[in-house]
Number of protein chains: 2
Amino acid sequence: MEVEGSLKRSNKQAESFEKIGASFQMTVRDHVHRTMRNAILAGRFAAGEKVNERNLAEQFGVSTTPIKEALRQLETEGLVEALPRRGVVIRFDSSWAEEMILARAALESMIAHLAAKRIDEKGRAELLAVAERMKEATASGDADCLVELNETFHEHIHKSSQCGYLAKLIERQQFYDASIRRVIHLDPTERQKSLEEHAAIAGAIASGDADGAERLMRDHVVRSGETYLGIVFGKQEDI
Amino acid sequence: MEVEGSLKRSNKQAESFEKIGASFQMTVRDHVHRTMRNAILAGRFAAGEKVNERNLAEQFGVSTTPIKEALRQLETEGLVEALPRRGVVIRFDSSWAEEMILARAALESMIAHLAAKRIDEKGRAELLAVAERMKEATASGDADCLVELNETFHEHIHKSSQCGYLAKLIERQQFYDASIRRVIHLDPTERQKSLEEHAAIAGAIASGDADGAERLMRDHVVRSGETYLGIVFGKQEDI
DNA sequence: GTGTGAAATCTGGTATATCAGATTTGATAT
DNA sequence: ATATCAAATCTGATATACCAGATTTCACAC
């Protein structure tokens, strides 16, 4: 048992530089985890392919210990499956990606619903401000800016929902990275569509329309997800 | 690259006993993971409490290696948080539990929606049969049987949805164990309520009413989840 | 040629050792 | 008494060693 935010500080510059390194410094296992995750999601492993711990350790130039830990994380994320005493195999293909999109849609719509119920004045103003900036970025066609604003937009909704667990869970359902997101934001049609959806979502949340926000968010995630699927896997499917 | 289900078998009794042990045999890390998970969900650790790898290893009478792996799994599940180079702390309290219920509601309703769209004749018949058996078990008041049927019911829906990733994800959002489930099924009022909801869900899915199934499932998970919350944390909250 | 089974090999699971960052302690100066 | 800083200590992160289950190899019997 221990208190979380023990406030006894004798250092002078306590407030200014509060324990920065803590969450930024990288450990080998996190590097391996991140790298492997990206590789799997980028399709650089075949579904069903076996991965060998010693090989990976050699490739990364590290021991098997951090490899094992990274594999446990990937296993819990559902990207690989561990067969006891027989190793781990890759579990990712287009249908898995589809389901990740559906999971994200379900969770983001739930969190949007809660955000609409729980948002306060400050959050409302900020969210609408982000939506406004998106409008400008869309007009000017700044793809990089849009990618960043997109993240900010969803982060604001997560914060407004006051949900920690759900927000964390949603993070794990993302299978396309910034570079892919950038590509899609280069298409004017998609940009416009995305803008309209974001505006509608922001409006619904700001006005406290929980059910509307939920529905709009779900449709937005599914639709944009399908667009990504089409790019990443080169096919278009309806769900 | 390797083929998944290589069919070359020369052994005679191939079909009869297909690799039973594989997924049943327990490794130390899984035992630790399961035990720790149950302990955390049962509230046997305070939120924010630090856990020490060496202590755990000693308590379990094992080395730190499987402990580390189990902690990585718990971390990915969101039940503990790893502070790089500073250890892991417990992340579970009633609000975390609430969010787990909401996550499950979001995911189960999504999967119910898909099940309604994708279920076939065989699945339809089986699902309705399970619902029928629940009716009988409810009448006879067999709590153990109800707990089991409850699981079977949801499993059938998962199977009908043809979703693998979503089904796995849902499993991780369960924070009450069989013993607690049993307690709740002893209450006649809850039993009746639960029966009605299950029947309605089965009906909606069987008749292909995707939106209805989705809504009914969501409400069912949230409502029954709140009942569990009340038991486990001794309070009743609306969401 | 085919099925059998034991030996060799591979590979994941576990234990132990070592390293380094983080925390605590305590002596010292103000 | 309090702030400072370095030594001692703690503990997570990594590396290495070893064991046992799983797979493969291959000689042998039918």
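Chain identifiers are assigned alphabetically (A, B, ...) following the order of the sequence lines, protein sequences preceding nucleic acid strands; residue numbering begins at 1 within each chain. Just so you know, these numbers use all the heavy atoms, side chains as well, and skip hydrogens, waters and symmetry mates.
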Got a donor-acceptor pair under 3.5 Å from the side chain of A:Thr65 to the base of D:dA13?
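Looking at the base of D:dA13, it does not pair with any donor or acceptor on the side chain of A:Thr65 (distance under 3.5 Å).
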Results of ring-ring contact (aromatic ring centres under 6.0 Å, His included) for [X] - residues two or more places apart only:
{"X": "A:Phe175", "result": "none"}
{"X": "A:His154", "result": "A:His198"}
{"X": "A:Phe45", "result": "none"}

Exercise: do B:Glu108 and B:His158 side chains pair donor with acceptor under 3.5 Å:
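Yes, a side-chain donor-acceptor pair sits under 3.5 Å.
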DNA chain C contacts made by residues 28-38 of chain B, counting heavy atoms under 4.0 Å
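Within residues 28-38 of chain B, the residues near DNA chain C are B:Val28, B:Arg29.
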Taking any heavy-atom pair under 4.0 Å as a contact, classify A:Val88: base, sugar-phosphate, or nothing.
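Here A:Val88 touches no strand at all.
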NA contact type, B:Thr27, heavy-atom cut-off 4.0 Å: base, sugar-phosphate, or nothing?
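The answer is sugar-phosphate, as B:Thr27 gets under 4.0 Å only of primed atoms, P, OP1 or OP2.
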Applying side-chain hydrogen bond (donor to acceptor under 3.5 Å, both in side chains), can you list everything that pairs with [X], at least two apart in sequence or on another chain?
{"X": "B:Asn55", "answer": "none"}
{"X": "A:Arg172", "answer": "none"}
{"X": "A:Tyr228", "answer": "none"}
{"X": "A:Asp93", "answer": "A:Ser95"}

On DNA chain D, check which nucleotide each of B:Glu53 and A:Arg54 is closest to and give me the residue with the more 5' one.
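Comparing both residues, the 5'-ward one is B:Glu53.
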Residue from B:Glu77, B:Glu99, B:Glu98, B:Gln173 passing side chain to side chain donor-acceptor pair (under 3.5 Å) with A:Tyr165:
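Exactly one pass, corresponding to B:Gln173.
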If I take atom [atom1] in residue [X] and atom [atom2] in nucleotide [N], what distance separates them, rounded to the nearest angstrom?
{"X": "B:Phe60", "N": "C:dG13", "atom1": "CZ", "atom2": "P", "answer": "18 Å"}
{"X": "A:Glu69", "N": "C:dG12", "atom1": "CD", "atom2": "P", "answer": "16 Å"}
{"X": "B:Leu71", "N": "D:dT14", "atom1": "CG", "atom2": "P", "answer": "14 Å"}

Quick one: is B:Ser63 getting a side-chain N or O under 4.0 Å of the C:dA15 phosphate, OP1 or OP2?
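Result: yes.
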Can you see if the side chain of B:Asn52 gets near the phosphate of D:dG12 - specifically, an N or O under 4.0 Å from OP1 or OP2?
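Yes, within the criterion.
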Heavy atom of residues 72-79 of chain B under 4.0 Å from DNA chain D: which residues?
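None, since no heavy atom is under 4.0 Å.
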Could you please name the option among C:dG13, C:dA15, C:dA22 that lies closest to any side-chain atom of B:Arg85?
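Among C:dG13, C:dA15, C:dA22, the one nearest the side chain of B:Arg85 is C:dA22.
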